[in-house]
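All remarks here apply to the structure that follows.
The structure presented is a predicted model; accordingly, all values stated were derived computationally and were not measured. For this chain, numbers begin at 1 and follow the sequence in order.
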Amino acid sequence: MVTIVPGPFTREGKEAAVQKEVRENYDIYFEKAAKTRLWFPDKLKERDDMEKYGHMITDDTKEILFGFMGVESIVDDYVFGGIKAAGNSLTTAQLYIQWGYEESRHGKTFQTSLIDSGLATKEETDKFIAETQEYHWTFEEQTGYQATPLLASAYAIFQERQTRWNYTQTRIKIWEEYGSPRAKDGSRIYPAISGAIGFPERDEGAHEANFTNIVRIYMKYFPDQALDALAKVSNHYKMPVVQLPNAEEFIRCTLAAGLGNPRTVINDVMNPCLNRMGLESRQALKTAIKNFNLLSEDAIVHVEGKPLEGIVPDETSEVYTMTSTGEFILDKNPEAN
Ligand SMILES: [Fe+2]
Ligand SMILES: [Fe+2]
């Protein structure tokens, strides 16, 4: 759906356009979630094989699974942060409730995986979760900034992508610990936990796409704010600051497994997220912010290779293409967009 904003447009007009597009994005998200990602951690058929494969899981992987369970178990704090950031936007608050519901399935998936595989008892996992929940996560403490819907979405892009990346790596690690099982035709099969972890993994991918869409909407109408938000949350980006009962072992095991090493975080998490915003790197983001400040106040910007969808510039508008290196080039023929 394309919203047409006739120029010249006021700040109020642009804000209304953002709200409208954000709402449309949510509607599509909800519909897709219900159609393609409806699953329940208790009902996963992968649980049936966990007992059989449980003894193959290494101690390091067990620590990692405990850690993931802990990080996913403080979902109430993340949801509360999102609702607080939403202010009086009911749509944004609704999104955080749906998102929180999906996140809560993840903690449960790790918990049932540990129990069904014989790696921990129900009591041990409950105790671990209760201890983790004693600490309360806040967006302010995590990022150093007061949450707004835009900032929260910008942070979430990176965090969701890294979570998905962690789950992908762990799925493959567990598959290898299971003896790299393959079907008769040679294709990989992912039984027990290696299969179950694929469900949260897919959710995280959908979350990343959703928050990317939201920031892209802001990028269209308020590029300066969107660029600023991306810079703020990516400057000192780190995964949720959570106090895990197994903190030391978790860090040791995740590093040993190649998760969270700074180079990978830049190459496989930060840069791909920025690429989807039309920028090649954090350096390009810095350049874009510096250059944007030199443009005239009502300059219209679009990402290279992407048309100026939904905005109709008038004769006096200056329309710029933002290149992947963060430069702005004045379009010669804005109507051609
Ligand atoms: Fe999650
Ligand atoms: Fe997520």
Whether the T138 and Q142 side chains hold a donor-acceptor pair (N or O, under 3.5 Å, no angle test) is what I'd like checked. no
Which atom pairs, donor and acceptor, lie under 3.5 Å between side-chain atoms of residues 108-115 and protein residues at least two apart or in another chain?
{"residue": "T109", "atom": "OG1", "partner": "R105", "partner atom": "O", "Å": "2.6"}
{"residue": "Q111", "atom": "NE2", "partner": "T125", "partner atom": "OG1", "Å": "3.0"}
{"residue": "Q111", "atom": "NE2", "partner": "D126", "partner atom": "OD1", "Å": "2.9"}
{"residue": "T112", "atom": "OG1", "partner": "K108", "partner atom": "O", "Å": "3.0"}
{"residue": "T112", "atom": "OG1", "partner": "T109", "partner atom": "O", "Å": "3.1"}
{"residue": "S113", "atom": "OG", "partner": "T109", "partner atom": "O", "Å": "2.7"}

Closer than 4.0 angstrom, basic N to acidic O: yes or no for R252 and E248? no
Taking ring-ring contact (aromatic ring centres under 6.0 Å, His included) as the definition, give me every residue that meets it alongside Y320, ordered by chain and number, with sequence neighbours left out. none
Using a 3.5 Å distance criterion without hydrogens, assess whether the side chain of R182 forms a donor-acceptor pair with backbone atoms of I189. no
For D224, give me all partners under salt bridge (Lys or Arg N to Asp or Glu O under 4.0 Å), at least two apart in sequence or on another chain. none
Under 3.5 Å side-chain donor-acceptor pair for E141 and W137: no
Just by distance, do the side chain of T323 and the backbone of E327 share a donor-acceptor pair under 3.5 Å? yes
Hydrogens and angles aside, do Q133 and S73 bring a side-chain donor and acceptor to less than 3.5 Å of each other? no
Would you please say whether a donor-acceptor pair under 3.5 Å links the side chains of E103 and H207? yes
Using the rule that Ile, Leu, Val, Met, Phe, Trp and Tyr join whenever any side-chain heavy atoms are under 4.5 Å apart, tell me whether L274 and F222 fall into a single cluster. yes
Quick one: are the ring centres of W175 and Y178 less than 6.0 Å apart? no
Validation row: F211, C273 side chains within 4.5 angstrom (heavy atoms): no
Under 6.0 Å between ring centres, would you say that holds for F139 and Y145? no
Closest non-hydrogen contact found for P223 with F292 is CG-CE1, 3.6 Å
